[in-house]
Amino acid sequence: MALGAEASGRLAALLRDNAEQVTKRWTEIVAASLRGRLSQAELRRQLEELHRALVATGEQGTIDLDTEHATELRAVLAELSRGWARQGFSATETAIAVFALKDALLELIEARGGEGALRDYVAFAGLIDQMGLFTFESFVRTRESLIADQAEQLLELSTPVVKLWEGVVAVPLVGTLDSARAQVVMERLLQTLVDTGSPYAIIDITGVPAVDTQVAQHILKTVVAARLMGADCIISGIRPQIAQTIVALGIEFGDIATKASLADALRHVLRLSGVETARRQSRRDA
Amino acid sequence: MERVPILKIGDILLVSIQVDMSDQTALQLQEDLAERIVATGSHGVIIDITALDIVDSFVGRMLSTIASISKVLDAETVVVGMRPAVAITLVELGLSLNGIRTALNVERGMELIAAARSDEFEEDDQLDDAADAETTASP
C-alpha cells in the first residue's frame, strides 16, 4: 500500500521534527523484545539509519516501496534483515524491529491530536506493514541462501577419500547418492588417485541406504573411469538387502570385484599387490 | 608439421604427447613408432597423455591402433597419466578404450611392462624345462 504525497510529507515532517523522541522510543520497544542480545547503541544506530532513510524518502514525495526513489529505503531494510538473520535472530524479532515504529508513531500522533489523526495513523500503519513484509521476505531469502551454503558444505564434508595402505585409497560413501554427489565423489576419487599414485581404490557403500539402478550406474561409471586411468576399483560394504536389490534389479557388476566388508576388500587388495600379512605369535604361546 | 618425439629408455619406448593431435600427426606417430620398435627391438611402449586436455573418439581410436600395431611387433603398450576429467569424459561418451592397458604414471607403467615381461620369461623357462629334461630347474 502506497502512501499519498500529502500523507508522506506529513509523516516525514513528523519523523524529522521528533527524530530524537521517535528513535529513542523505537529503540526502547525493540530492545525490550530482544532482551539484551544486541547492544543498545548498535540497535539505536541501525534504527536511526532506517529513520533517516524513511525521512529522506518521504521528503521526495509518495512513499511506495516498489518505486525507484525508495531504493535507499529498501536497501536499508534489506541490510537490517540480512544482518539479523545471520546473527540468528528469529523472524518475529526482525519483524518487531520494524513494527515497533507503529507504537512510537502512535504516541506522537496521540500527543499531537487534532483532526485526521486517526486517518493519518491508519495510513502510516499501512506503510509500516508493507515495510515489515519486505523485511520478512529479505529475512527468508537470507536464511535460504544460508541453507544452500550449508548444503554445499555438507557435500564437501561427506565425501572424504582416505588412505588405507600404501597405494590403497578408500571412499566411505555415506548417505543417498544422487547425481551431484556422485559427480563430486568421482572427481575427488580420481584426483586422489593421481595425487597419491595409488593403483587401488575401494568404494565402500556400507553407509548408502539404498542402491537403485541410477546409483549403481554412478558407481560403475566411477569404476570404469578409474580403470581408464590405470587404477583398480573394488566395491565393498554390500549389505544383504542391497545384494538382493542388486540381483532383483538385474544390475551387472561384470568383472568388478565386490566384497562384503571393507576388511575383505583390503585383504583382497593387499594380496593383489603382493603384501604378506601374518598374525604375530602371542607371548603366551612362545 | 608437428612430430611427437619417441624416447628410448632401456627396453622401453616412451611417447609423451604434448601437442594437440591432428590426423596427420597421429598417422606420422604410428609410422615413426612402428619403425622405432623394429629398429630398437623394444618390448614395451608407454604413451604418456598427461598433457592432453581432450581425448575424443579420434584420439581413442589412434591409441587403439597404436596398441594393435605394437602387439603385432611383440611390444606391450601402456597408456599412462590420463587426467580425471578426461577419464570422466570418456566414460560419459561410452568409450572404454578396449584392449589398452593403463597405468597412473610412467613409473607404474614401466613396472607393469616389466611384470608382463617377467611373466613371459617364467613361462619360457618352464617351457624350456619341460623340453630340456637334463637341465636342472632354474630358480
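Note that the coordinates shown come from a computational prediction; the quantities given were computed from them, not determined experimentally. Labels below follow one simple rule: chain letters A, B, ... track the order of the sequence lines, proteins then strands, and each chain is numbered from 1.
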Just checking [X]: does its [atom1] atom have more than 12 heavy atoms from other residues, nucleotides or ligands closer to it than 6.0 angstrom?
X: B:Glu107; atom1: CD; value: no
X: B:Asp20; atom1: CG; value: no
X: B:Leu7; atom1: CG; value: yes
X: A:Glu166; atom1: CD; value: no
X: A:Glu252; atom1: CD; value: no

Could you tell me which non-hydrogen atom of [X] sits nearest to which non-hydrogen atom of [Y], and how far apart they are?
X: A:Leu193; Y: B:Leu104; answer: O-CD1, 3.7 Å
X: A:Gly197; Y: B:Arg108; answer: O-NH2, 3.0 Å
X: A:Met229; Y: B:Met82; answer: CG-O, 3.5 Å
X: A:Ala225; Y: B:Ala87; answer: O-CB, 3.5 Å

Which bit of B:Arg83 comes within less than 4.5 Å of chain A, counting heavy atoms only: side chain, backbone, both or neither? backbone
Please say which of A:Met186, A:Glu187, A:Arg188, A:Gln191 ends up in a side chain to side chain contact (heavy atoms under 4.5 Å, CB included) with B:Pro84. A:Gln191
Top contributor to chain A interface from B:Val78, B:Asn105, B:Ile88 [non-hydrogen pairs under 4.5 Å]: B:Ile88
Option in A:Pro199, A:Gly230, A:Ala226, A:Ser198 with maximal non-hydrogen atom pairs under 4.5 Å from chain B: A:Gly230
